[in-house]
2 protein chains.
Amino acid sequence: MTAPVQPFSMPPEAAAGTPDHDGSALDRIGAIQRETLGERVTGELRALLVAGRLAPGEKLSLRRVAEALGVSMMPVREAVSRLAADRALEVLPGRAVRVPVLTLAQFRELTRLRLVVEGFAAEEAARKATPQDIARVTSYDAAFRKAASADPPDSAGAVAANRDLHFALYEAAGMPGLIEMIERLWLKAGPILNIDMRDEPRRLKGGSAMQAHARLLDALRSQDAAAARAALEDDIAAAATHIEETGQLSA
Amino acid sequence: MTAPVQPFSMPPEAAAGTPDHDGSALDRIGAIQRETLGERVTGELRALLVAGRLAPGEKLSLRRVAEALGVSMMPVREAVSRLAADRALEVLPGRAVRVPVLTLAQFRELTRLRLVVEGFAAEEAARKATPQDIARVTSYDAAFRKAASADPPDSAGAVAANRDLHFALYEAAGMPGLIEMIERLWLKAGPILNIDMRDEPRRLKGGSAMQAHARLLDALRSQDAAAARAALEDDIAAAATHIEETGQLSA
DNA sequence: CCAACCTAACTGTGATCACAGATCACGACA
DNA sequence: TGTCGTGATCTGTGATCACAGTTAGGTTGG
């Protein structure tokens, strides 16, 4: 089992019942945490995928993942089934489920789709972002800068901050369905985009990401949709170019 | 059980083995049909959703669907799990799985996403469509016209031909991942878009769809990407307007 | 006549078992 | 030494069972 899957922390399922001494106590307690085990496993695997903690071609076993997570095989089946429906995992006909290995053509198509969809999201975000939205993006940008320019670079921190920065931006667009679409794209791109980070984070040194983020923030502050799209497109394109040159893409 | 789910036709799983008397007989037989029951059920439910045969708010029961399809509950669970991951179905916390009921805001966001994504697909298709691609779209257009102008109108046929026409167009773009994205959008929009068709197909009478399709074909033939996008956007917008006016969208 | 309770039926979730098929390592044969 | 068969082992798939929670309908008490 090479998959770095961690067992759940298993909090005591939240103390949802602590009654407020305010009259409308029953209105306060809103829909206590109702998450099935299957959803939890799905979230766990999704996080691993976007963070590049699962390498392209890496094989997973339902039983092993189940054992690693301390659950039965059933919730893992559900999670894998969902992710396979999104092409974030693939189940080979006879045997095993693995992280898809993208061909160069597939990676380029994925990048084009990201340019279209995330570019649109950036435009929309630039138009509608509130000061609070901009503040959130700014704080993630600071975290990214800090992680990227540390010595040695904090790859995991940079990947996480980059993800938070982008999705804080997209959430400013106020379109939940759009975010779902982008999450699916990241699920496919994550393994190939971030796999190299964990070993050799030299890509961060170039600073092209930090530059693009800075331009993005300027565009947000001036509500310049076209500039926001351009900055984001550069960010995506720079990363894609790096992967095409150094990454391991199949024929 | 109100869901019009039909049992599988269950063909004898194809005679994949008939050996060719040509030397390279083993090269001929390529990857026999490998489809799990879960995938089959998924496809069945997807078809019902995009065709509007399942109404928004309609409740499904795993056991009943399983019984109607002549399979165990297990493949249905997998199918519902996948569709729920795409928000094409929703599982209510305590009870039952149902077809989502879109709010007006959700429907409008969905329409905007369709304009962005399918508009891009139309542009790309106009640039890359081969004569064969155009011929395919043309034949589906003919089928749509015939179904729509029949008396009484053949609603089911029109819905199917419209779907085939659009996806023939999108396939001309040559981007599989893009098609998946669009399929997911149609999965969400299908129930609300096509639900009224089955009872009162008067929307077809307006002829706005046929007009948009004609303009789309002209744009394809002249490889005019901008015109193709414009025609498709009109098609989508016209249908959306009709739904907003007559459809049953929740608050 | 209405409201509250209560019971029986049904829901999705999760676990466990059975099974066909694929993989891989080992060993026999050429 | 190289190649092919073969069996042990592991894979996902599907079926069946158990269970907690919810719903709906009938019944009782006011």
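Residue numbers start from 1 in every chain, and the chains themselves are labelled A, B, ... in the order their sequence lines are given, proteins ahead of strands.
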Answer whether the closest heavy-atom distance between the side chains of A:Phe167 and A:Trp186 falls below 4.5 Å.
-> yes
With the side chain counted from C-beta on, respond yes when A:Leu178 and A:Val117 share a heavy-atom pair under 4.5 Å apart, and no when they do not.
-> yes
With respect to the phosphate group of C:dT11, does any side-chain polar atom (N or O) of B:Arg64 fall under 4.0 Å of OP1 or OP2?
-> yes
For the pair made of NZ in A:Lys59 and C1' in D:dC10, what is the distance, rounded to whole Å?
-> 11 Å
Across the strands shown, which category fits A:Val97 at heavy-atom distances under 4.0 angstrom: base, sugar-phosphate, nothing?
-> sugar-phosphate
With no angle test and no hydrogens, is the base of D:dG12 tied to the side chain of A:Arg63 by a donor-acceptor pair under 3.5 Å?
-> yes
To the nearest angstrom, how far is A:Leu60 atom CG from D:dC10 atom C1'?
-> 15 Å
For the pair made of CZ in A:Arg98 and C1' in D:dG12, what is the distance, rounded to whole Å?
-> 16 Å
May I ask you to verify if any side-chain N or O of A:Ser61 is less than 4.0 angstrom from the OP1 or OP2 atom of D:dT11?
-> yes
Plane angle bin for A:His166 and A:Tyr170 - parallel if under 30°, tilted between 30 and 60°, otherwise perpendicular = tilted
Taken to the nearest whole Å, CE/B:Met74 to P/C:dC17 is 15 Å
In whole angstrom, what separates A:Glu35's CD from C:dT13's P?
-> 13 Å
Atom pair distance, as rounded to whole Å: CG in A:Leu92 and P in C:dC24 | 11 Å
Assess whether salt bridge (charged side-chain N to carboxylate O under 4.0 Å, His left out) is satisfied between A:Arg184 and B:Glu180, documenting all intermediate values.
-> CA-CA 11 Å; A:Arg184 254 183 284 269; B:Glu180 285 178 29; over 6 Å; no
What's the CZ-C1' distance between B:Arg77 and C:dG14, to the nearest Å?
-> 7 Å
Calculate the interatomic distance between A:Leu62 atom CG and C:dG14 atom P; express it in whole Å.
-> 15 Å
